[in-house]
Number of protein chains: 2
Amino acid sequence: MKDIAQRAGVSESAVSFALNDRPGVSEITRDRVRRVAEQLGWRPSTAARQLSGEGAATVGLVVARPADTLGVDSFFLQLISGIQEVLAERHLGLLFQVVEDVADECAVYRRWWAEHRVDGVMVVDPRTDDPRPDLLEELGLPAVVIGGVPDAGHPGISTVWADDAGAMAALVDELYALGHRRIVHIAGLPGLAHTERRIRTLRAEAERRGLTEVRSVPTDYSDAEGAAVTRRVLESGTPPTALVYDNDVMAVAGVAAATELGFLVPGDVSVVAWEDSPLCRMVKPWLSALSRDTVQFGRTAAQELTALLDGGPARTVQVPVPRLIERESTGPCGA
Amino acid sequence: MKDIAQRAGVSESAVSFALNDRPGVSEITRDRVRRVAEQLGWRPSTAARQLSGEGAATVGLVVARPADTLGVDSFFLQLISGIQEVLAERHLGLLFQVVEDVADECAVYRRWWAEHRVDGVMVVDPRTDDPRPDLLEELGLPAVVIGGVPDAGHPGISTVWADDAGAMAALVDELYALGHRRIVHIAGLPGLAHTERRIRTLRAEAERRGLTEVRSVPTDYSDAEGAAVTRRVLESGTPPTALVYDNDVMAVAGVAAATELGFLVPGDVSVVAWEDSPLCRMVKPWLSALSRDTVQFGRTAAQELTALLDGGPARTVQVPVPRLIERESTGPCGA
DNA sequence: ATCGATCACTAATGCGCTTTAGATTGCCTC
DNA sequence: GAGGCAATCTAAAGCGCATTAGTGATCGAT
C-alpha cells in the first residue's frame with residue numbers, strides 16, 4: 001500500500017479511501033489509485049484488515065464424522081460446492097475441518113472464536129440435544145444450522161431446513177396407496193435430528209392409519225449395516241413389503257442383499273432411497289429416490305450466513321421438500 | 001494479552017516470551033503466565049500474529065471440478081480426512097475452495113498469495129502441461145503436488161506420488177496371465193497426468209507383448225460415459241475380454257451395462273476398478289479393484305507440506321503402489 | 001476584502017502481537 | 001568496593017491496514 005501511495009503520489013490514507021469507496025478523495029485520484037493498485041496486483045492483507053476491525057473474511061465448516069463414513073456420501077461435497085458458489089462471490093474463504101465427534105467440534109469452534117479465525121460458521125448434522133447452538137450463541141458467533149428444525153431459542157442463529165416430516169408423510173401416503181402395509185425404515189444415525197424426525201413421523205403416520213407392522217431401525221449409514229438390517233428384516237416371519245433407506249448407499253447395499261436372499265425388487269419388496277445420486281441409476285433395478293437439490297441447499301445456507309454477517313436478523317428458511325422420483329424399485333404390493 | 005499481563009503482574013512482552021517458550025523470563029513467571037492464560041482461555045489472534053511476521057497458520061486446497069462430477073468420488077473426502085489429521089496436530093487451518101477450472105484455480109492462488117491468506121497449498125489433479133507448479137514457484141508459495149510425477153524442475157515444490165505406471169504394468173501382467181488378450185481401458189479425464197501415464201504404460205505393455213487389441217478410451221469419469229463406452233466396445237465386432245475402469249463409479253456402471261447386454265461378468269468379460277471403495281462390494285459380482293490407502297495418502301502429503309513450511313527441502317516421496325484386490329469380477333479368459 | 005463552509009488530502013493513532021533495544025537487579029571477581 | 005556480566009524484566013517500535021482528527025486550499029456569500 002505504501003508502494004501504491006508513492007507511485008500515485010498521495011498518502012496512504014488517500015489510498016485507503018480510494019480503494020474502499022470512501023469519501024475524501026476526488027474521482028480522478030480515486031481512478032489513478034485504482035489503476036496503480038490493479039497494475040501492482042495489490043490485494044489487502046486479510047490479517048491487517050482484520051486487525052483493524054474488519055472481519056476475518058472467512059467462515060468455518062466442521063464436520064464431525066469418522067473418515068470412513070465420510071467418503072461414501074456424495075452429500076457433503078455437493079453441499080460444499082453450493083456454499084462455495086456464494087462465498088466465492090464475496091471473496092469469503094471457507095475454513096474446513098473434519099473431526100471425530102461433536103465434543104471436538106465444539107473445541108474447534110472455541111478455538112476459532114478465540115483466534116478470531118472466522119466470522120461465522122455453518123453447522124451440519126444437527127442433533128437432538130445439540131450442544132452447538134448454545135455454545136455458538138454464547139460465543140456470539142453467527143451461525144446457520146443446516147438441516148435443523150426451526151428453533152426459536154437462539155436469536156443469533158439461522159436455520160435452513162427441509163421438511164423431512166412432510167416428505168415422510170407423503171412417502172407413506174404413496175406406499176399406502178400402492179398397498180403396502182408392512183414397512184421398514186432403515187434409518188440413519190440415532191442422534192441426528194432429522195433421523196429422529198423421520199422416525200417420529202413414520203410412527204405417527206402408521207398410528208393414524210392403524211398400521212402395526214411399521215417400524216424404524218437405526219443404523220450408522222454404512223453399506224454394511226444397511227445390508228445386515230435388510231437381511232434380518234427380510235428373514236423374519238412376516239417380511240416387510242416396502243423398505244425405506246435413509247441414504248442411497250444403504251439402499252443399494254440393501255437391494256443387493258435382498259436380491260441375494262431371493263427377493264424380487266420391486267415384485268416382493270419395494271425400495272426407496274432417501275437421497276438421490278448417480279448411484280441410484282447405477283444398479284438394476286434403478287432406485288426410486290427422494291431427491292433434492294443439495295447444491296442449492298448449500299447456496300441457500302451460505303446466503304443466510306452472509307446475510308447474518310451483514311448484520312441481518314436470524315431467519316428460518318425452508319428449502320423445497322424432497323420429491324419422490326419413481327424409478328424401477330417401487331411398485332404395488334404383491335403380498 | 002493485556003489482561004493476562006495485568007493479572008500476572010508483568011508486562012505484555014513478558015507474557016509473549018512466556019507463552020512462546022522464548023528465553024528472557026524465569027520459570028516461575030512463565031508458569032504463572034501460562035496458568036493465567038489457560039484460565040482466561042486465551043488464544044493468540046492469528047491476524048495479529050501473522051501481521052508480526054509469523055505465517056497465516058493456514059494451508060490451502062483448491063479442487064477444480066464441476067460440482068456434479070465432484071460428489072460421486074469418495075477420493076477427495078478421504079484425502080482431506082488424512083490431510084486434516086496432520087494439520088490438526090499443528091493447529092493449521094485448511095482453507096478449502098472448489099472452482100470450475102484450472103484458470104480459476106490459478107486466480108485463487110494469486111489471490112491467496114496477495115492476501116497472505118495461506119502459508120502453502122496442496123495441489124491435486126496434476127495435469128500434463130500444468131501451469132500451476134510454475135505459478136506457485138513464481139509466487140514462492142510452498143506447495144506439494146498430490147499424485148504428480150517426480151518433477152525436478154521446481155525446487156520449491158514437493159511431490160507425493162503413487163506409481164501408476166508400475167501398477168498398470170502389474171495389472172496387465174495379471175490379466176495376461178489369465179489369458180486376456182483384448183483389453184479396453186476406460187480411462188479418466190484426458191488432461192490429467194495420471195490418466196496419460198496409465199494410457200502410455202498400457203500401450204507400452206501391449207506393444208511389448210505384441211498385443212494389438214488393447215486400447216484406452218478417455219472419459220469424464222462419470223457413470224454415464226462409463227456405461228456408454230462399455231456398451232460401445234462390447235457391441236463392436238470383437239469385444240474385449242477385460243475392462244479396466246479408471247474409477248469405481250464407472251466400473252459399477254459398466255458392469256450394469258454389460259450385464260444388460262447379456263455379457264456375464266467375469267465369464268465373458270473381466271472387470272477391474274482402479275480405486276477401491278465400499279461401492280465395489282455393493283454390487284454383484286463384487287468388483288476386483290486396485291486399492292490404496294487414500295487417507296494415508298493425504299497424511300503423507302500434509303506431512304510433506306508441513307516439512308516444507310518448517311523450512312525443509314522439497315522432496316519427492318512415493319506412496320505404496322496400489323494393490324489389486326481380487327474379488328469376483330475377474331477370472332480366466334473364456335473367449 | 002472577510003468569514004464560514006466545503007472539499008481534497010495528510011498526519012497520527014490503534015488493532016494484538018513479536019521483537020529489539022534498553023533498564024534494573026543481583027552476583028561474582030579481583 | 002568498583003567493574004563486569006548474566007538473568008529477568010520493561011519500553012517501544014513495527015507489521016498493514018482503517019479511521020479520526022487535523023491542515024490547507026478553494027469557493028460562495030456577505
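Naming: A, B, ... by sequence-line order, numbering from 1 per chain.
Side chains of B:Ser16 and B:Glu12: a donor-acceptor N/O pair is absent below 3.5 angstrom, by distance only. Side chain to side chain, B:Ser81 and B:Glu85 fail the donor-acceptor criterion of an N or O pair below 3.5 Å. For the residue pair A:His154 and A:Asp134, a side-chain donor N or O sits within less than 3.5 Å of a side-chain acceptor on the partner.
Between A:Asp104 and A:Arg111 there is no salt bridge, since none of the side-chain N atoms of the basic residue sits less than 4.0 Å from a carboxylate O of the acidic one. Under 4.0 Å is where a charged nitrogen must lie from a carboxylate oxygen, and between A:Glu27 and A:Arg30 at least one such pair does.
In terms of modelled atom types and a separation under 3.5 Å, the side chain of B:Asp101 and the main chain of B:Ala103 share a donor-acceptor contact. The backbone N or O of B:Val124 sits less than 3.5 Å from a side-chain atom of B:Arg132, completing a donor-acceptor pair. Looking only at distances, no side-chain donor or acceptor of B:Thr195 sits under 3.5 Å from a matching main-chain atom of B:Gly191. Judged by distance alone, with hydrogens and angles left aside, the side-chain atoms of A:Gln50 form a donor-acceptor pair with the main-chain N or O of A:His116 at under 3.5 Å.
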Could you run through nucleotides 20-27 of chain D and give me one letter per nucleotide, 5' to 3': B if any protein heavy atom sits under 4.0 Å from the base, S if only the sugar-phosphate is that close, - if neither?
B-------
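Across all strands, A:Met1 comes closer than 4.0 Å only to sugar-phosphate atoms, never to a base (heavy-atom distances).
Only A:Trp42, listed by number, bring a heavy atom of residues 26-42 of chain A to less than 4.0 angstrom from any atom of DNA chain D. Shown for residues 43-59 of chain A: residues whose heavy atoms fall under 4.0 angstrom of DNA chain C, namely A:Leu51, A:Ser52.
B:Trp113 places none of its side-chain heavy atoms less than 4.5 Å from the side chain of B:Leu136.
With rounding to whole Å, A:Asp3 atom CG is found 15 Å from D:dC15 atom C1'. For B:Arg22 and C:dT20, the CZ to P distance is 9 Å, given to the nearest whole Å. At whole-Å resolution of the value, CD in A:Glu12 and P in C:dA11 are 10 Å apart. Nucleotide C:dC9 holds its P atom 13 Å from the CG atom of A:Leu19, rounded to whole Å. Straight-line distance from the CG atom of B:Asp21 to the P atom of C:dT19: 13 Å, rounded to whole Å.
For A:Ser11 and C:dC9, the shortest distance from a side-chain N or O to OP1 or OP2 is not below 4.0 Å.
Here the straight-line distance linking atom CG of B:Leu79 with atom CD1 of B:Ile146 works out to 4.5 Å at 0.5 Å rounding.
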